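Data block below; observations after.
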Amino acid sequence: MNHNEIKLFSPATVANVACGFDVLGLCLDTVGDEMVIRKVDKKGIRITKIEGFKLPFETELNVAGVSALAMYQELQPDCGFEIEIKKNIKPGSGIGSSAASAVGSVYGINALLGSPLNKTQLTRFAMKGEALASGSEHADNIAPALFGGFTLVKSVNPLEILQIPSPDNLYVTIIHPQIEIKTAISRAMLPKNVALQDAVTQWANVGSFIHSLHTSDYPLMKRSLHDVIIEPHRSKLIPHYDEVKKQTLNVGALGTNISGSGPSIFSLCEGIKTANQVKDVMRKIYSNTGIDFDIHVSKINTKGVKVL
Ligand code: HSE
């Protein structure tokens with residue numbers, strides 16, 4: 001094994017998870033980027049290879065580069081790093097493409113330096129990448145990509161991340177219609193204020209959803225997976241959203257909602273059988289639209305980013 005080089009799988013994630021805008025996230029198993037991080041004598045951070053999608057090679061303009069640079073400037077190691085990115089997650093897909101890149105670079109560099117930082121500290125640097133990508137330093141994709149499982153960003157300043165357990169039999173079915181929704185735009189369209197009654201409904205749902213994960217209470221999970229604040233605004237950007245939601249719930253999804261800022265749509269399901277039925281329904285609806293799409297069925301990935 002070359003101790004100056006590390007190859008990683010950096011997973012896709014679902015942020016918000018219906019009721020938890022900017023605080024809740026979950027980690028997917030089957031989709032993610034591959035990255036190679038290499039320690040070299042020449043100082044600085046360089047992006048040396050990008051495959052899959054066209055992204056900037058300039059360190060300051062690349063999400064992985066910016067995150068790595070923030071960490072590098074603080075740690076000031078006596079070496080440099082090269083980053084290779086095999087991008088499998090399409091930027092703008094709503095499944096944490098930028099977070100996966102940012103997490104891979106900071107996790108890899110930290111590992112090659114002998115792990116001086118913990119995952120919460122790494123989150124702080126990876127958030128610089130999110131700021132570049134979307135104009136806001138949210139951590140609800142970064143946290144699950146780093147920690148795995150479900151995470152709750154209790155606070156951004158000071159940074160506090162809680163890991164939430166999840167039942168073994170919980171699956172995610174996720175469809176990615178191949179249209180792009182820029183996070184910055186879908187954030188800008190959100191109202192600045194919310195009605196008190198909506199806030200009450202929402203925080204009750206977040207609390208009860210977390211409780212349902214701790215207790216494997218699927219009926220409670222189903223009653224909690226609602227969003228009265230964000231979904232009414234953003235769902236309009238996603239073609240056939242209402243139909244997908246209605247039909248996936250009809251075949252037994254616990255909840256269906258927008259993944260992050262969209263356009264991906266996810267359903268949480270009890271058991272693989274229901275997850276596959278939901279997949280069939282999603283496929284059927286989108287097959288008739290002329291819009292290309294991918295669908296994945298995934299368990300909850302409890303490990304997060306990992307060395308390959
Ligand atoms: N919580 C963020 C949003 C996630 O919904 O804007 C974006 O990936």
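Just so it is clear, the structure is predicted and the values come from calculations on it, not from any experiment. Order of appearance sets the numbers: ligands from 1, and atoms from 1 within every ligand. Residues: numbered from 1 along the sequence shown.
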Nearest protein heavy atom with distance in Å, relative to [atom]:
atom                   : answer
atom 8 (O) of ligand 1 : Asn141 OD1, 3.0 Å
atom 7 (C) of ligand 1 : His138 NE2, 3.6 Å
atom 3 (C) of ligand 1 : Arg187 NH1, 3.2 Å

Does [X] pair with [Y] as a salt bridge, N-O distance under 4.0 Å?
X      : Y      : value
Lys39  : Asp78  : no
Lys245 : Glu243 : no
Glu84  : Arg46  : no

(request) Measure Thr183 to ligand 1 on non-hydrogen atoms and call it side chain, backbone, both or neither using the 4.0 Å cut-off. (result)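 It is the side chain that gets close, since no backbone atom is under 4.0 Å.
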(message) Between His176 and Phe293, is the ring centroid distance below 6.0 Å?
(response)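 That pair fails the under 6.0 Å test.
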Contact atoms of ligand 1, heavy-atom distance to [X] under 4.0 Å:
X     : answer
Phe21 : 3 (C), 5 (O), 6 (O)
Asn16 : 1 (N), 2 (C), 3 (C), 5 (O)
Asp22 : 1 (N), 2 (C), 3 (C)

(message) Assess, by modelled atom type and distance only, whether the side chains of Asn88 and Glu34 contain a donor and an acceptor separated by less than 3.5 Å.
(response)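 On atom types as modelled, these side chains do not qualify, holding no pair under 3.5 Å.
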(message) Just to check, does Arg234 reach to within less than 4.0 Å of ligand 1 when the distance is taken from its heavy atoms?
(response)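 It does; at least one heavy atom falls under 4.0 Å.
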(message) Applying a strict under-4.5 Å side-chain criterion to I, L, V, M, F, W and Y, I'd like to know whether Ile238 and Ile95 cluster together.
(response)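 Ile238 and Ile95: separate clusters.
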